[in-house]
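These notes concern the structure reproduced below.
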Amino acid sequence: MLRVLVCVSGGGTNLQALIDAVEQGSVTDTEIVQVISNNRNAYALQRAAAHGIRGVCVSPKDFPERAAFYDSFLQAVDDAAPDLIVLAGFLVVLPEAMIRKYRNRILNIHPSLIPSFCGAGYYGLKVHEEALKRGVRVTGATVHFVDEGTDTGPIVLQKAVSVMDGDTPAVLQRRVMEEAEWILLPEAVELFAHGKITVKDGRAVVTK
Ligand code: GAR
């Protein structure tokens, strides 16, 4: 059984997609053992509770300095004894010690086709605002492993989504979630659970 820890900051629709996929059996041999949020008010914590999943909050606001927050956060991560960590809309930059310790075992979902519209400052609605500003006709989502850079780790899965005339950032965000994110994230976890993702020379190799 793959032990999955999910880190969240907000609404948690990607967490929900993963919970549903586990409950409905499209993701197998997998248990979501814990959810960690940096934000006490994240609706994602309520989603976890509604499905009997332990949720904990480790907020930087509760610590005088970053290092103390990181120590406490990493302790909470280790306590969950995860085989896989999923960042599902988690807006905290991870401590480097965590990236080293869990190399190629942390998956992030990003709402664009990396390397477009990614990197520092590109998160949530901002990504879609920039895609619309640039006038791209196609955007999408990416699941990738987390390395020391921002959105620079090995790419596991990507799915393209059309941009429509008249899209607003919110409309586009919703379409990217529905047509790409909520499909890709469970698919990536299922692949990982069955040893179908390896990393070679800094690139992910996926056997379907
Ligand atoms: C999702 O669109 C996710 O791809 C994005 O935040 C949203 C969280 O929504 N993540 C990033 O932008 C990371 N750079 P959710 O809380 O409803 O899953």
Side-chain angles (χ1 to χ4, degrees), residues 4-23 27 32 34-51 53 55-59 73 84-95 98-99 106-134 136 138-163 167-189:
V4 179
L5 165 68
V6 184
C7 298
V8 295
S9 296
T13 64
N14 280 287
L15 168 67
Q16 189 69 56
L18 195 54
I19 291 171
D20 292 347
V22 170
E23 288 184 354
V27 169
I32 303 172
Q34 192 164 314
V35 170
I36 298 181
S37 174
N38 61 312
N39 166 13
R40 206 170 304 285
N41 299 316
Y43 185 63
L45 285 174
Q46 292 184 42
R47 294 182 190 270
H51 291 265
I53 300 166
V56 299
C57 172
V58 185
S59 168
F73 174 67
L84 174 68
I85 299 164
V86 171
L87 308 185
F90 189 57
L91 302 181
V92 172
V93 175
L94 299 188
M98 176 174 168
I99 295 169
I106 308 174
L107 287 174
N108 180 47
I109 178 100
H110 182 78
S112 75
L113 293 174
I114 290 174
S116 289
F117 309 112
C118 64
Y122 284 90
Y123 59 88
L125 215 49
K126 176 84 179 154
V127 177
H128 306 290
E129 283 167 11
E130 293 300 319
L132 289 175
K133 231 185 256 175
R134 185 62 185 86
V136 294
V138 175
T139 184
T142 302
V143 174
H144 65 93
F145 283 118
V146 173
D147 69 4
E148 281 79 355
T150 306
D151 302 326
T152 53
I155 291 171
V156 177
L157 296 175
Q158 291 189 299
K159 191 165 189 287
V161 173
S162 295
V163 178
D167 272 353
T168 63
V171 166
L172 183 56
Q173 178 182 53
R174 181 75 190 183
R175 187 178 313 114
V176 169
M177 285 176 158
E178 282 177 359
E179 294 185 10
E181 295 187 48
W182 300 341
I183 299 164
L184 286 190
L185 189 61
E187 193 183 337
V189 173

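We count ligands from 1, going down the list as the structure has it; atoms in each ligand are counted the same way. Everything numeric here is computed off the predicted structure, so don't read it as measured data.
With sequence neighbours excluded, the residues that form a salt bridge (Lys or Arg N to Asp or Glu O under 4.0 Å) with Glu130 are Lys126, Lys133. Judged as a side chain to side chain donor-acceptor pair (under 3.5 Å), and not counting sequence neighbours, Thr168 has no contacts. When the side chain to side chain contact (heavy atoms under 4.5 Å, CB included) test is applied to Val176, the partners found at least two apart in sequence or on another chain are Pro111, His128, Thr139, Ala141, Val161, Leu172, Glu181.
Between the side chain of His51 and the backbone N or O of Gln16, no donor-acceptor pair lies under 3.5 Å.
When only modelled atom types and interatomic distance are considered, Asn38 and Ser9 share a side-chain donor-acceptor pair under 3.5 Å.
Protein residues with a heavy atom closer than 4.0 Å to ligand 1 are Gly11, Gly12, Thr13, Asn14, Gly89, Ile109, His110, Pro111, Tyr122, Tyr123, Gly124, Met177, Glu181, listed by chain and number.
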Show your working on side chain to side chain contact (heavy atoms under 4.5 Å, CB included) between Val35 and Arg47 and close with a plain yes or no.
-> CA-CA 10 Å; Val35 170; Arg47 294 182 190 270; over 6 Å; no
